[in-house]
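Let me begin by presenting the structure, written as structure tokens, before commenting on it.
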Amino acid sequence: MNYWLCKTEPTSYSIDDLKRDQRTEWNGVRNYQARNFIRDDMKVGDKVFIYHSNTEPIGIVGIAKVCQESHPDISALDKKDNHYDPKSKKDSPIWFNVDLCFVKKYKETITLKAIKKDDRLKGIRVAQKGVRLSVMPIDTEHGRHLEIMTK
DNA sequence: GCCAACGTTGGC
DNA sequence: GCCAACGTTGGC
């Protein structure tokens, strides 16, 4: 079992939306490095920390699980979709997504500030300057710590 | 709303 | 294959 972190802007899709839906296709990722993680490495049962960016407070707001491994992202084929990519074709898709299932919402956000201050989370990528990856792996010991930080 | 840092594009 | 220009991300 591996840990991951997925960023989202709560104005477009929040932890509350996921709680309501219980399950969602995590689509719209248009970055090759993130795509590779999604396509090649995310497995059913992996735990995913949901991170709210561009909001107040910024930080990790809950946990989800991978409940379906990668499949082509059909939103890339839809001309009317915001994430439409003319380079992606039905028989040779470029973009992929996994399905995520809701696990829990933290009572309190683990803020980016708190993450940066916590010695046990030293080196965590999401706290590094200029990291724009929207999907990234989390070290096991960091993941374990994040899991027990809020009950 | 600003803007630094980054990824992508496209001309050469 | 370089790299300037551009668009986007995302913290502040």
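Any value given below was found using the heavy atoms of this structure, including those in side chains, with hydrogens, waters and symmetry copies removed. Not measured: the values here are computed from a predicted model. Chain A is the first sequence line, chain B the second, and so forth, proteins listed ahead of strands; every chain is numbered from 1.
Applying the 4.0 Å criterion to OP1 and OP2 of C/dG11, one finds that A/Y51 has a side-chain N or O inside that range.
By the ring pair (Phe, Tyr, Trp, His ring centres under 6.0 Å) test, A/Y32 is found to be paired with A/W95, residues two or more places apart in sequence or in another chain being considered. Applying the ring pair (Phe, Tyr, Trp, His ring centres under 6.0 Å) test to A/Y13 and every residue at least two apart in sequence or in another chain returns nothing. Scored by the ring pair (Phe, Tyr, Trp, His ring centres under 6.0 Å) test, A/W26 finds no partners at all (sequence neighbours excluded).
By the 4.5 Å side-chain criterion applied to Ile, Leu, Val, Met, Phe, Trp and Tyr, A/V44 is assigned to no cluster and stands alone.
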Identify every side-chain donor-acceptor pair in residues 52-66 of chain A under 3.5 Å, counting partners at least two apart or on other chains, and give the distances.
{"unit_1": "A/H52", "atom_1": "NE2", "unit_2": "A/I15", "atom_2": "N", "d": "3.1"}
{"unit_1": "A/N54", "atom_1": "ND2", "unit_2": "A/E9", "atom_2": "OE2", "d": "3.4"}

Report, one line per pair, each donor and acceptor closer than 3.5 Å where one atom sits in a side chain of residues 75-83 of chain A; sequence neighbours left out.
{"unit_1": "A/S75", "atom_1": "OG", "unit_2": "A/R30", "atom_2": "NH2", "d": "3.1"}
{"unit_1": "A/S75", "atom_1": "OG", "unit_2": "A/D73", "atom_2": "OD1", "d": "2.6"}
{"unit_1": "A/D78", "atom_1": "OD1", "unit_2": "A/K80", "atom_2": "N", "d": "3.0"}
{"unit_1": "A/D81", "atom_1": "OD1", "unit_2": "A/H83", "atom_2": "N", "d": "2.8"}

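Rounded to an integer number of Å, the gap from A/R30 CZ to B/dT9 C1' is 17 Å. Atom-to-atom, CZ of A/R125 to P of C/dG11 comes out at 15 Å; the value is rounded to the nearest Å. A/H52 has its NE2 atom 16 Å from the C1' atom of C/dT9, to the nearest Å. Regarding A/Q33, its CD atom lies at a distance of 14 Å from the C1' atom of B/dT8, rounded to whole Å. When the C1' atom of C/dG11 is taken as reference, atom CG of A/L133 falls 16 Å away, rounded to whole Å. At whole-Å resolution of the value, CD in A/E9 and C1' in C/dT9 are 8 Å apart. Computed from coordinates, the A/R35 CZ to B/dT8 P distance equals 10 Å when rounded to whole Å. As rounded to whole Å, 12 Å separates atom C1' of B/dC2 from atom CG of A/N54.
The side chain of A/K129 lies closest to B/dA4 when the candidates are C/dC12, B/dA4, C/dG10.
Every pair passing disulfide bond (SG atoms under 2.5 Å apart) that includes a residue from residues 83-118 of chain A is listed here, sequence neighbours excluded: A/C67-A/C101.
Contact record, A/R120 with A/H142: O-CD2, 3.1 Å, taken as the closest heavy-atom pair. The two residues A/I94 and A/S88 come nearest to each other via the heavy atoms N-OG, 3.0 Å.
For DNA chain C, no neighbouring residue in residues 79-94 of chain A is found when judged by any heavy atom under 4.0 Å.
Residue A/K116 is in sugar-phosphate contact alone, with no base atom involved, counting any heavy-atom pair closer than 4.0 Å across all strands shown.
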Listed pairs, N/O of protein and of nucleotides 5-7 of chain C, under 3.5 Å:
{"unit_1": "C/dG7", "atom_1": "N2", "unit_2": "A/R132", "atom_2": "NH2", "d": "3.4"}

